[in-house]
Each structure stands twice: as structure tokens, then as C-alpha cells.
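Source: prediction; values computed, not measured. Atoms within a ligand are numbered from 1 in the order they appear, just like the ligands themselves.
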Amino acid sequence: MQLPTPTFVTDTTIGLYIHIPFCESLCPYCNFFKHRHDPTSDSRSQLVQAIQQELIAYQTHYPDLTIQSIYFGGGTPSTLQPEHWLTLLNQIQSAWPLANTCELTIEMDPLHITPDWLAALEKQGPMRVSMGAQSSDATVLKHLGRRHTWSDVVTAVGRIRSLSTVSIGLDLMFGMPQLTPQRLAGVLNDYAQLGIDHVSTYGLTLEPGTPFYATQTTRSDDAMADDYDQIFNTLTAAGFDWYERSAFAKPGHASIHNQGYWQFRPYLGVGPSAHSFFQGQRFRTISQFQAYCQSPVRSVPKRPIDYGARFEEWLMVGLRTRAGVSLAQGQQWFGINLEENSSVIELIQSALLALEHGRLVATYSGLHVLDAVVEQIVFKAEPVSKP
Ligand code: SF4
């Protein structure tokens with residue numbers, strides 16, 4: 001049976017991710033592609049010019065795109081001068097039409113909320129600012145090598161809040177041995193009291209190649225699961241809805257851009273080391289700053305789409321979300337009737353999955369063991385192989 005081509009292959013309404021790889025200091029747990037920011041060098045101008053070239057190349061090849069969301073991430077995008085950021089935004093806006101609901105997000109350092117940046121943010125109207133606060137606990141912030149204090153975060157939030165149209169999100173990290181349940185309760189209380197709109201949570205992982213890898217430990221898996229329960233219960237009681245395992249938002253503040261990743265909508269990543277998911281394929285730009293700046297437009301290898309791998313990925317990212325995955329999409333995109341999958345039936349009987357309005361969702365217990373759940377389903381499923 002010939003199935004229709006999935007919309008993740010054909011859709012021309014996309015998210016746009018811009019990677020700015022500079023940071024004021026390098027956190028010892030972080031394995032993102034980044035460099036220490038040197039304000040005396042011309043690296044920011046170099047980067048902006050290279051990103052402009054990459055955008056022009058995409059515009060030339062794909063003039064008919066519509067932009068659903070624009071996300072400046074990093075690194076720390078606010079290491080740019082505000083005028084650099086406005087230049088890139090202007091270029092994007094003149095290259096493609098923006099969807100009516102187009103969402104704009106920038107990740108910022110709490111110490112970068114200057115009058116110049118506030119003026120630039122205000123110029124853009126409704127938008128989102130995400131700050132890597134990570135914690136309110138001074139011991140934890142020191143351990144994580146962060147430059148800011150909680151007082152800096154409070155000041156930054158107050159300044160941004162003066163722009164009534166900006167939605168504010170903070171990151172929250174857990175899993176460090178210093179972050180006992182008592183300390184985590186204090187952190188969660190501080191976050192709940194601050195009047196922010198969104199919280200993204202991250203369990204500490206020790207990544208090879210980082211200073212933490214050789215020298216640190218994390219809390220045990222069981223303790224991390226307890227920490228997550230504490231986070232989930234406190235944030236939901238404080239008026240945040242969870243919409244993905246790690247993402248909590250006040251009503252109306254869920255991230256359209258991140259939901260695009262989880263709903264398998266296409267996006268282009270621009271800037272060094274940026275990932276893309278476009279026309280059903282995943283690819284990334286080069287992870288070397290000078291090489292990227294010298295030649296930002298490179299051909300990337302195109303391989304046939306592996307529908308088996310895509311199915312597993314779709315299931316994993318979809319089941320992490322509160323909305324789960326659509327049964328109709330499973331059928332149309334991968335030729336799989338999830339309702340008849342014997343593993344799905346068993347997992348529903350075990351109360352790890354549930355059916356809700358034509359969708360398959362993970363229960364709260366299922367969310368805690370999602371790797372095993374997905375593995376069990378994939379083992380019994382045979383996605384179609386498309387030409
Ligand atoms: S955690 Fe954020 S600020 Fe720290 S080094 Fe990584 S990207 Fe930079």
C-alpha cells in the first residue's frame with residue numbers, strides 16, 4: 001500500500017533556529033558548542049556576516065517558506081550587540097513571510113539586561129526571553145560555575161517585566177548532590193514566587209569532555225526521580241501546566257518553537273553546529289567557528305529517510321509531551337496501527353499508556369520509564385519502508 005508522504009517531509013512552514021556560540025564564561029557541565037566571548041575581537045561581526053550568508057543561501061534555495069517561530073539560542077545570544085540581533089531579525093523578516101502567530105524567542109544572560117537590550121526587545125513587541133538561571137541556591141550556582149546570583153535574576157526579571165509584552169522563562173537544573181530535597185524546595189518556592197511564565201527543567205548529566213565528567217557525581221537515578229516528582233508537584237500547584245516532561249508553562253505561554261521539535265515539524269538551524277530537520281532529513285552545520293565563518297554555506301550529505309528510525313524518534317519525543325502522539329499520524333506517516341500493537345495493549349493494561357481522543361499518551365508512571373515503553377512498542381512494530 002502506498003502511503004501519503006508525511007507532512008514532516010513536505011511542510012514549508014518551519015521553525016528557524018539561530019545558534020550564537022559565545023558565552024561570557026564556560027560552565028563546567030556544558031557540552032554545547034560554544035566559545036568564551038571576547039568583546040575585543042571582531043568575532044561577533046564575523047559570525048553575523050556568516051549567518052547572513054547562510055540565510056541568503058536558504059532564501060535562494062527555498063524562497064517559499066513561511067516562518068512559524070524564530071529562536072536565538074546558544075551559547076548566549078545576548079553576547080551579541082542588540083544591533084547585531086536586530087540586523088539578523090530584519091534579514092529574516094525580509095527573506096520570508098512570518099506566520100501570523102510567529103513566535104520570537106531569545107536566550108539571555110541575566111547580567112545582559114541593559115537599557116540597550118531592553119530597548120531592542122521592546123521594539124520587537126510580543127516575544128519570549130529565556131534565561132539560564134538554573135537555580136536560586138547560592139551554593140548550587142557556585143558549584144555550576146554560574147556568574148550570576150539569584151538577586152541578579154530577580155533584577156533582570158523585574159526589568160524585562162517592565163516591557164509588558166515579553167514572556168519570561170527560566171531554566172532550572174536538578175540532580176546535583178548539593179541540591180538536597182530541602183534546598184530544592186527553597187529553589188522551587190523562589191521560582192514560584194517570581195511571577196515568571198515558563199520553567200524548563202534539566203537533570204544534570206555528566207557529559208564526556210566536560211570538566212564535570214571526571215570530577216563530579218550526580219544524585220542517584222531514584223533520587224533524581226524523586227526530585228522530578230517534587231518539581232512536578234510544586235510547579236503544577238503554583239499554576240504551571242506541564243506540556244512536555246521538562247517544560248512547564250503558565251496558560252498561554254507554552255513554547256511554539258519547542259513544540260515544533262516535539263511534533264515533528266520541520267526547522268532549519270543556522271550558525272555553527274546548528275541542527276536542522278528539513279524535508280524529513282536531519283543534518284547540521286560544521287562545529288568549528290572559523291571554518292563556519294569562512295564558509296557558512298556547505299553541501300550536506302543527503303540520505304534516504306530511515307522511516308524505522310523516524311518512527312522511534314517520533315514516538316519518543318511525542319510521548320514525552322502531554323498531548324502524546326496521534327494514532328492517525330502513526331498510520332499515515334509510518335503505516336502503523338498503534339491501537340493494535342500488542343505491546344501498546346499490554347502497556348495500556350499496565351497503566352503506563354492511555355488512549356485519549358485519538359491519541360496515545362504516557363501516564364505519569366509511563367513518563368518515568370519512557371525508554372523501556374518505547375523500546376517495547378518499537379520491538380513489535382514494523383514501519384513501512386518508503387521509496
Ligand atoms: S550552560 Fe549556557 S552559559 Fe554555560 S557554557 Fe553552556 S551555553 Fe554557555
Side-chain angles (χ1 to χ4, degrees), residues 17-39 41 43-44 47-48 51 71-82 84-85 88 105-114 117 128-153 155-157 160 168-179 187 191 196 198-216 218 246-247 255 257-258 261 269-275 284-289 292:
Y17 173 82
I18 317 286
H19 190 79
I20 307 296
F22 305 128
C23 295
E24 299 287 359
S25 59
L26 304 185
C27 306
Y29 56 86
C30 174
N31 74 339
F32 293 162
F33 177 73
K34 77 278 176 194
H35 288 283
R36 190 186 292 277
H37 167 52
D38 175 5
S41 82
S43 53
R44 287 178 294 186
L47 175 72
V48 169
I51 289 176
Y71 192 107
F72 284 82
T76 311
S78 54
T79 49
L80 292 180
Q81 303 279 16
H84 288 138
W85 181 63
L88 292 176
T105 306
I106 182 170
E107 293 177 353
M108 298 189 78
D109 183 327
L111 297 175
H112 287 165
I113 310 300
T114 59
W117 262 112
R128 305 164 59 82
V129 171
S130 173
M131 288 188 285
Q134 309 307 355
S135 190
S136 66
D137 186 290
T139 305
V140 168
L141 286 173
K142 188 164 179 234
H143 175 68
L144 293 176
R146 306 300 302 207
R147 301 186 311 142
H148 62 262
T149 62
W150 181 243
S151 159
D152 295 326
V153 174
T155 302
V157 168
I160 298 168
I168 306 173
L170 299 185
D171 292 348
L172 188 160
M173 190 174 275
F174 65 101
M176 297 73 78
Q178 297 82 352
L179 192 61
V187 171
Y191 273 57
I196 52 175
H198 193 281
V199 180
S200 298
T201 64
Y202 299 91
L204 175 66
T205 51
L206 303 176
E207 303 289 349
T210 63
F212 264 22
Y213 186 67
T215 59
Q216 301 296 319
T218 62
S246 62
S255 162
H257 187 83
N258 287 342
Y261 295 146
V270 178
S273 90
H275 294 253
R284 64 182 295 174
T285 53
I286 190 166
S287 299
Q288 290 172 31
F289 182 74
Y292 172 78

When you compare the side chain of Leu47 with that of Phe22, does any pair of heavy atoms fall below 4.5 Å?
yes
Can you see whether Ser78 engages His112 through a side-chain donor-acceptor pair at a distance of less than 3.5 angstrom?
yes
Between the side chains of Gln134 and Tyr202, does any donor sit under 3.5 Å from an acceptor?
no
Run through Ile160, Leu111, Ile196, Ile106 and flag the one making a side chain to side chain contact (heavy atoms under 4.5 Å, CB included) with Met131.
Ile160
Per the side-chain hydrogen bond (donor to acceptor under 3.5 Å, both in side chains) rule, which among Arg128, His19, Glu107 passes with Tyr71?
Glu107
Would you please write out the protein residues whose heavy atoms approach any atom of ligand 1 to under 4.0 angstrom, listed by chain and number?
Cys23, Ser25, Leu26, Cys27, Tyr29, Cys30, Phe32, Lys34, Gly75, Thr76, Arg146
Do Thr149 and Asp152 have side-chain N/O donor and acceptor atoms under 3.5 Å apart?
yes
